[in-house]
Amino acid sequence: MQSLRRRVRLAAAAAGAVIIGASGFLFASQAQAQVDTVHIGAVQGSIEDGDTNFASPLAGQTVYVKGVVTQETLDPSGNKGFFLQERADATDGDPNSSDGIFVFNNQYSTLRTLTGSPAREELGANWTVNVGDEIVLRGVVGSYFGNIQFSGGSAYVYDLVETGLDPLAEVESVEIDPPDNARASTEYMRRHLGMQMTVPAESVVTAGRDVFSSGGEVWAMRGDAEAAQQDGYAARAFRDAHPLDTVEGAFDDGNGYLFVIGDLGLRATEGTTETIIAPAKTFDVITEAATGGIYLSFAKYAVEVSEDLVLEGGLEPADNEPVEAAGRNEASVASYNIENLYDTRDNPNSGCDFAGNPGCTDPEDPEGNVSAPFDYVPSTYEEYEAQLERQAAQIVEDLRSPAILMTQEGEAQDVCSVNPAWTKRTDLGPDRLVCDLVNTGDANTGGDGSPDSIQELALVIAEYGGPTYEAVGDLDSADTRGIMTGFLYQPKLAGLSNVKSWDPVFGDSPEIEYPTEADEINADVQNPKALNAALPQAVIDQCTNSGVYACNGFDVYSRAAQAAKFYLKDKHGRSTGEIYLINNHFSSSPNTRVLHRTEQANYLAAISAAILDDDRKAKILAGGDLNVFPRPDDPFAEGQVIAGDWTGPSDQLAGLYEDSGLCPLYDVMVEDHPAAAYSYTYMGQAQTLDQMWASPRLLREIESAVTAHINSDYPADAWDFGEEPAYGRYGVSDHDPSVVVFDIK
């Protein structure tokens, strides 16, 4: 019996279906009527240069198409699909239209055959999806978040034309080569949506693997791209404002030569939802070509490869301008986003810090409401402890045990205290802390003034062999969902200063000049201290749920700025002077919440100005996750429309540059070591979101300001896929921490 069978049979269609013929005319099919197929290119549409509307010209219409099943897909939730592509000698010949399309098939491995069709006669009610089959499919042209596709709920197999084909020998498989410009690159990828595309060998990873609910993804560029030809650590993609960007004169062209590699096809090949793409890191080289269909999801076009990446390790990101320990008569301060460091204890004072909690609402601040389910809690204590251990190792080994750390994204919880039985040599695990997980508010007996997860991090640092740290923080710095800024400090090297009621920041009447009413928390006399105020009414009047006018509540901060004043100690334990630290976590997404984030910068500037107005020689270090880029970078180009007649640049940190009296240490970093001047990777590009700003007096005493590249370039954890961290302590957060070393003589 022959394995290959060819039929050119396009006979009777279902009665009443609307058919689009090759001539473009519409006619109603009737029993035994001849039917015509349309080219898949006609379904996808021809994409001209400059097009912005990528909708199918046949959207919502029922059509017949013929193509070869080139690849199956499987996502982590168990949803299946396949790519269908016309033979290379049977396309519409239009290079601007795609010859392939995706068919979403939900949880099924079969597709129904059409009543009265040749497929029904030969196969029965169902056709089993099989790579290498050439089929005629009848379906309704649909779209899912921009991905033009058919859906198994409205698609039928009309005919099985041939089986046993080698898809890559029959269809056109294009070697990926997108243009530099992001807009042109989007057009290029759209013209290949649903088609098989090959990532060539010698391609270079530009961002460590990330992990999403839909699987994993790796950003890369061709090995012959101009950026890949740069020397050493410069051989990567930087945002366009960075001096090492390769497209001269362009602003936010998006580095269109970058592309995404996904694992929907790999998971289907392996036959399990537990599969995830290889844990690639920045600078790794892909040594074998990899092929897959182009799929659009979350506004990204990904090559969904069928086989896992074969990688050769490149440069080690952690060796890119590593942190040097503070020397004699020096001290160091770090800023570190510890990425949702939630413990596995259900805080009785919160309704949104644990699985099964009902959520949190605030009638006076509804924009900050948090709905159930709450999904930031680690799945097991072992996972949480592993995060603690890896971050502790980074603080000791890579940050070189700074005197003080400013942390972001710790859990705002204080219902625990250190177990009296704990020592750094005990192995108490979850019993390091003793907690009251029943009583609420003032009746709770567990709190000790130290935020629990940050306190537990301090204990794990000591267990690792590092120094003793104390954890402090004002829980009023938290947002509604329960993350806060905080501080870790070594009592051997630093201490909290006493503050008075008349202090211009820490006293009961802070002298912060801002045009709205201060929050009640500003009257607290304490150190550290959260500070906040109402948003200006002009901003509130424009607040929306999304976009550039989006607001995280009606205060300046959803996560209040937190100031602390420390005195530093010499080797004899004597005070060598004081330093003010202002810890921040601005609202996220640089191109949204623009007005809100601008006010956050203005308020931070006002805090700093209040300190300097009282003492112009004050040493101030303000930092944290500012969630927007430093000048001259910006989410909006000059003249680009932001909204209405409001045009770019947005210059959201203008208040810091012009009114704070502080100097951006990014400028120091980009001048001293430009290839290491970044703290985050997004869409394959290196960029700066985490920043440090110093007062003039402190700036004169700074010996170094560096970012430790120990996280953003490394693969994210894949706990849900059963994978242990591939690079030990590296990659435990999505942000790189920064460290400033300065003289204390």
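Along the sequence shown, residues are numbered consecutively beginning with 1.
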Under a 4.5 Å cut-off applied to non-hydrogen side-chain atoms, are [X] and [Y] in contact?
| X | Y | answer |
| --- | --- | --- |
| Val303 | Val260 | no |
| Tyr342 | Ile483 | yes |
| Gln691 | Pro630 | yes |

Checking side-chain polar atoms at under 3.5 Å, does [X] have a donor or acceptor matched by the opposite partner on [Y]?
| X | Y | value |
| --- | --- | --- |
| Asp690 | Ser738 | no |
| Glu409 | Ser733 | no |
| Thr598 | Gln652 | no |
| Glu312 | Thr287 | no |
| Asp570 | Thr576 | no |

Suppose we screen for ring pair (Phe, Tyr, Trp, His ring centres under 6.0 Å). Which residues come up paired with [X], at least two apart in sequence or across chains?
| X | answer |
| --- | --- |
| Tyr657 | Trp693 |
| Tyr603 | Tyr514, Tyr557 |
| Tyr469 | none |
| Tyr680 | His735 |

Any chance [atom1] of [X] has more than 12 other-residue heavy atoms, nucleotides or ligands included, within less than 6.0 Å?
| X | atom1 | answer |
| --- | --- | --- |
| Asp231 | CG | no |
| Glu703 | CD | yes |
| Tyr682 | OH | no |

Do any N or O atoms from the side chain of [X] and from the backbone of [Y] form a donor-acceptor pair under 3.5 angstrom?
| X | Y | answer |
| --- | --- | --- |
| Ser453 | Glu411 | yes |
| Lys424 | Gly465 | no |
| Asn584 | Ile582 | yes |

Compare every heavy atom of [Y] with every heavy atom of [X], then report the nearest pair and how far apart it is.
| X | Y | result |
| --- | --- | --- |
| Ile277 | Gly262 | CD1-O, 3.9 Å |
| Gln408 | Met406 | NE2-O, 3.5 Å |
| Ala618 | Ser695 | O-OG, 2.8 Å |
| Thr681 | Ala686 | CG2-CA, 4.4 Å |
| Leu689 | Ser679 | N-OG, 3.2 Å |
| Ile710 | Ala318 | CG2-CB, 4.1 Å |

Exercise for the section: Could you note down all residue pairs passing ring-ring contact (aromatic ring centres under 6.0 Å, His included) where residues 313-335 supplies at least one of them, sequence neighbours left out? Expected result: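 Matches after skipping sequence neighbours: none remain.
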
Problem - Sequence neighbours excluded, every pair satisfying ring-ring contact (aromatic ring centres under 6.0 Å, His included) that has a member inside residues 212-234 - result: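 Output for this query lists Tyr233-Phe283.
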
Partner residues of [X] under the side chain to side chain donor-acceptor pair (under 3.5 Å) criterion, sequence neighbours left out:
| X | result |
| --- | --- |
| Asp633 | Arg239 |
| Glu470 | none |
| Glu316 | Tyr714 |

Problem - side-chain contact (heavy atoms from CB on, under 4.5 Å) involving Leu493 - partner list, sequence neighbours excluded - result: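 So Leu493 forms a side-chain contact (heavy atoms from CB on, under 4.5 Å) with Ala403, Gln490.
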
Handout entry: For Lys569, all residues meeting salt bridge (Lys or Arg N to Asp or Glu O under 4.0 Å), sequence neighbours excluded
Key =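 For Lys569, no residue satisfies salt bridge (Lys or Arg N to Asp or Glu O under 4.0 Å) once neighbours in sequence are set aside.
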
Handout entry: Pair Lys617-Asp615, salt bridge (Lys or Arg N to Asp or Glu O under 4.0 Å): steps then yes or no
Key = CA-CA 5 Å; Lys617 295 182 179 180; Asp615 178 7; over 6 Å; no

Exercise for the section: Quick one: do Glu389 and Arg729 satisfy salt bridge (Lys or Arg N to Asp or Glu O under 4.0 Å)? Show the steps, please. Expected result: CA-CA 8 Å; Glu389 290 172 348; Arg729 65 183 184 267; over 6 Å; no

Practice task
Could you please spell out the steps behind the salt bridge (Lys or Arg N to Asp or Glu O under 4.0 Å) verdict for Arg209 and Glu723?
Solution key: CA-CA 13 Å; Arg209 180 200 64 196; Glu723 178 187 278; 2.7 Å; yes

Name the atoms and distances for all side-chain donor-acceptor pairs under 3.5 Å in residues 199-208, with sequence neighbours left out.
residue, atom, partner, partner atom, Å
Ser203, OG, Pro200, O, 2.8
Thr206, OG1, Gly684, O, 3.2

Practice task
Compute both the distance and the angle, then confirm whether Arg236 meets the cation-pi test with Tyr678: under 6.0 Å from the six-membered ring centre, within 45 degrees of the axis.
Solution key: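 Yes, Arg236 and Tyr678 form such a contact.
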
